[in-house]
Amino acid sequence: MPEQHAPRPDVRRRGTLKTVVWTFVLTLAATLLVLNFTSGEKKLDEQVKREYALHDAQYQRALGVMLGPPITGGNRFEAFQNGDQIFPPMLAAIRGARRSITFETYIYWSGDIGREFADALSERARAGVKVHVLLDWVGSAKVDGDFIREMESAGVQIRKFHKPSWYDIARMNNRTHRKLLVVDGRTGFTGGVGIAPEWTGHAQDAEHWRDSHYKVEGPVVAQMQAVFMDNWVKVSGDVLHGETYFPPISPMGDGRAQMFSSSPSGGSESMHLMYLLSIAAATKTIDLSSAYFVPDDLTVGALVAAMKRGVRLRIITPGPIIDSQTVRGASRAAWGPLLEAGAEISEYQPTMFHCKVFTVDGLLVSVGSTNFDNRSFRLNDEANLNIYDEAFAAEQTAQFEADLRQSKRLTYEAWKDRPLHEKAMEHLAALLSSQL
């Protein structure tokens with residue numbers, strides 16, 4: 001037999017060093033994974049009790065004092081449906097800016113619409129307008145580099161939210177999903193759209209999405225500006241203030257509203273609690289348009305309790321045309337208790353349904369970036385405009401019912417009888433619901 005020799009000391013040292021290095025790398029990766037997949041805050045773990053109705057003054061006091069900024073009057077709102085209606089007024093506002101533009105968005109990709117926004121923002125910056133653009137680092141990963149270079153050359157200040165860095169890598173899972181445009185501190189826009197070809201057109205086919213966006217004028221725009229400034233300070237360290245950004249604003253209508261926001265760094269449960277309080281206060285109706293509807297147990301329990309006391313619940317979510325089948329699977333896995341309690345859940349058929357509109361008792365309409373899922377409630381920075389206006393709520397109910405006519409309702413019996421392989425895939429998807 002060949003003679004066997006013990007490994008030389010230098011070989012043993014290299015092997016030991018390699019083991020130590022790999023142990024360190026794997027431990028670091030596991031630590032970062034845990035940090036990224038947790039918010040660091042205690043989660044809500046008890047059902048919110050019904051103490052008052054949505055029309056009661058105490059409900060609005062709770063939302064305006066305990067959770068958000070005060071509800072302010074003197075506002076005017078306008079709703080737009082799909083890109084052909086949404087983008088022209090946004091671009092017109094940008095092109096008419098005289099002092100400042102602040103713009104925060106999750107998705108900014110390429111295409112003609114991206115070029116139009118880049119050109120409009122650049123032209124205003126060259127004209128001396130203060131232009132600040134905040135893009136999420138993940139959401140804007142596909143942005144055309146020429147757009148960024150053009151805007152920066154023109155004087156647009158561009159920042160990326162949570163761009164990876166060695167000292168902040170633990171926050172990679174926290175994205176800004178907010179969608180805010182404020183012009184001259186007086187005119188605001190918010191809703192669901194990103195800057196990408198999918199949002200152009202009029203939802204005419206599977207390549208052009210169905211979405212809603214909203215124009216706001218009046219004192220509440222100052223609150224929208226403040227929400228933008230919250231993240232701008234985080235990423236830039238610059239404090240933007242003075243009349244250029246916060247001018248005096250005269251009443252523009254008679255609508256009441258507040259700009260609601262949440263962030264893992266400053267109250268990640270605020271948005272979730274706002275929804276739970278509103279569901280608990282509902283007396284008659286809840287209509288929910290939700291691009292990503294993956295409710296947790298607390299939310300399902302609140303919705304079931306509302307239906308038991310006579311509230312009609314109608315929900316529209318995406319159908320087969322969706323950008324994430326995993327989200328659709330996790331969503332459908334949670335529908336059983338809701339359908340059994342009488343919820344009317346329908347899936348939009350013509351194209352991807354990206355709306356985020358929450359209407360309660362013909363009074364409250366909450367619109368903005370927030371999805372009905374754990375990612376919006378606990379992981380992302382979100383912003384919603386809460387509007388308290390019966391006429392506006394009636395308009396949104398009419399639009400909801402128009403979308404409903406292009407949706408397919410799923411009954412409890414059909415949900416129970418879906419194929420076994422669908423149930424299995426949905427169950428697997430539901431295991432990821434904490435990150436969806």
Side-chain angles (χ1 to χ4, degrees), residues 83 86-169 171-172 174-190 193-200 213 224-246 369 380-381 383:
I86 293 168
F87 290 130
M90 292 178 71
L91 288 165
I94 290 172
R95 290 165 180 150
R98 293 293 176 264
R99 305 188 72 181
S100 66
I101 299 169
T102 53
F103 183 35
E104 180 175 357
T105 189
Y106 177 67
I107 286 180
Y108 194 131
W109 293 346
S110 57
D112 292 343
I113 191 62
R115 167 61 64 193
E116 282 196 70
F117 271 83
D119 289 348
L121 293 166
S122 298
E123 188 278 327
R124 286 292 80 198
R126 285 192 294 269
V129 174
K130 303 293 185 182
V131 183
H132 310 275
V133 175
L134 177 56
L135 306 177
D136 184 77
W137 183 81
V138 170
S140 66
K142 294 193 287 185
V143 66
D144 190 321
D146 289 341
F147 298 168
I148 300 296
R149 287 186 286 273
E150 174 195 348
M151 288 189 283
E152 289 183 332
S153 296
V156 177
Q157 292 189 27
I158 301 176
R159 300 289 184 272
K160 294 288 187 74
F161 187 82
H162 285 175
K163 183 178 179 179
S165 57
W166 66 268
Y167 57 84
D168 206 24
I169 196 71
R171 302 189 66 183
M172 272 290 295
N174 169 215
R175 314 313 320 165
T176 180
H177 194 243
R178 296 171 181 172
K179 299 169 179 68
L180 300 168
L181 171 64
V182 178
V183 175
D184 290 337
R186 300 177 185 276
T187 302
F189 293 85
T190 192
V193 302
I195 310 304
E198 285 82 347
W199 278 276
T200 59
H213 221 68
M224 299 176 71
Q225 186 79 292
V227 171
F228 172 87
M229 295 305 175
D230 172 52
N231 273 348
W232 185 258
V233 171
K234 289 178 186 176
V235 300
S236 71
D238 297 333
V239 180
L240 308 177
H241 58 99
E243 283 198 28
T244 299
Y245 304 98
F246 293 98
S369 64
N380 283 344
D381 285 29

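We count residues from 1, following the sequence as given. These values consider heavy atoms only, across backbone and side chains, with no hydrogens, waters or symmetry-generated copies.
Using a distance-only test at 3.5 Å, with no hydrogens or angles considered, a donor-acceptor pair links the side chain of D184 to the main chain of R98. A donor-acceptor pair under 3.5 Å is absent between the side-chain atoms of R159 and the main chain of V235, judged by distance alone. In this structure a side-chain-to-backbone donor-acceptor pair under 3.5 Å is missing from R126 to S153. A donor-acceptor pair under 3.5 Å is formed between the side chain of T190 and the backbone N or O of K179. Panel note: side chain S110, backbone D144; no donor-acceptor pair is recorded below 3.5 Å. A donor-acceptor pair under 3.5 Å is absent between the side-chain atoms of T244 and the main chain of S100, judged by distance alone.
With contacts defined as side-chain heavy-atom distances shorter than 4.5 Å, the pair P89/F189 qualifies. Side chains of I94 and F103 form no contact here, defined as non-hydrogen atoms less than 4.5 Å apart. Two residues are said to be in side-chain contact when any heavy atoms from C-beta on lie closer than 4.5 Å; R115 and E150 meet this criterion. The shortest side-chain heavy-atom distance between T105 and L135 falls under the 4.5 Å cut-off.
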Please report the C-alpha distance between I101 and L181 in whole Å, then the side-chain angles of each, then the deciding distance to 0.1 Å, and finally whether the side-chain contact (heavy atoms from CB on, under 4.5 Å) criterion is met.
CA-CA 7 Å; I101 299 169; L181 171 64; 3.8 Å; yes
Would I113 and F87 count as a side-chain contact (heavy atoms from CB on, under 4.5 Å) if you check the C-alpha gap in whole Å, the side-chain angles of each, and the deciding distance to 0.1 Å?
CA-CA 8 Å; I113 191 62; F87 290 130; 3.7 Å; yes
Give the C-alpha distance, both sets of side-chain angles, the deciding distance and a yes or no for side-chain contact (heavy atoms from CB on, under 4.5 Å) between R178 and D230.
CA-CA 11 Å; R178 296 171 181 172; D230 172 52; 3.4 Å; yes
For T200 and D112, what are the C-alpha separation, side-chain angles and deciding distance, and is it a side-chain contact (heavy atoms from CB on, under 4.5 Å)?
CA-CA 9 Å; T200 59; D112 292 343; over 6 Å; no
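Atoms CG and CG, on D119 and L91 in that order, are 10.0 Å from each other to the nearest 0.5 Å. The distance from the OG atom of S140 to the CD1 atom of I195 is 12.0 Å, given to the nearest 0.5 Å. Of the inter-residue distances, the one linking T176 atom OG1 with K234 atom NZ reads 8.0 Å to the nearest 0.5 angstrom. Note that the CE atom of M229 and the CZ atom of F246 stand 4.5 Å from one another [nearest 0.5 Å]. Distance check, rounded to the nearest 0.5 Å: NE2 of H177 to CG of D381 gives 11.0 Å. Atom CG in L180 sits 5.5 Å away from atom CE in M224 (nearest 0.5 Å).
With salt bridges taken as basic N to acidic carboxylate O contacts below 4.0 Å, one links E116 and R95. Using a 4.0 Å cut-off between a side-chain N of Lys or Arg and a carboxylate O of Asp or Glu, D146 and R149 qualify as a salt bridge.
Considering all non-hydrogen atoms of both residues, P197 and G111 come closest at CG-CA, 4.1 Å. Taking each heavy atom of V193 and M90 in turn, the nearest pair found is CG2-SD, 4.5 Å. Across Y245 and Q225, no two heavy atoms sit closer than the pair O-NE2, 3.0 Å. Residues A97 and V183 come closest through the heavy atom pair CB-CG1, 3.6 Å. The two residues G83 and P88 have their closest heavy-atom pair at O-CD, 3.5 Å. The two residues W232 and D238 have their closest heavy-atom pair at CD1-O, 3.5 Å.
Relative ring orientation between F117 and Y108 is described as perpendicular, the plane-to-plane angle rising above 60° on a 0-90° scale split at 30° and 60°.
For H213, the ring-ring contact (aromatic ring centres under 6.0 Å, His included) test picks out no residue, with sequence neighbours left out. Considering only residues two or more places apart in sequence or on other chains, I107 meets the side-chain contact (heavy atoms from CB on, under 4.5 Å) condition with W109, A196, W199.
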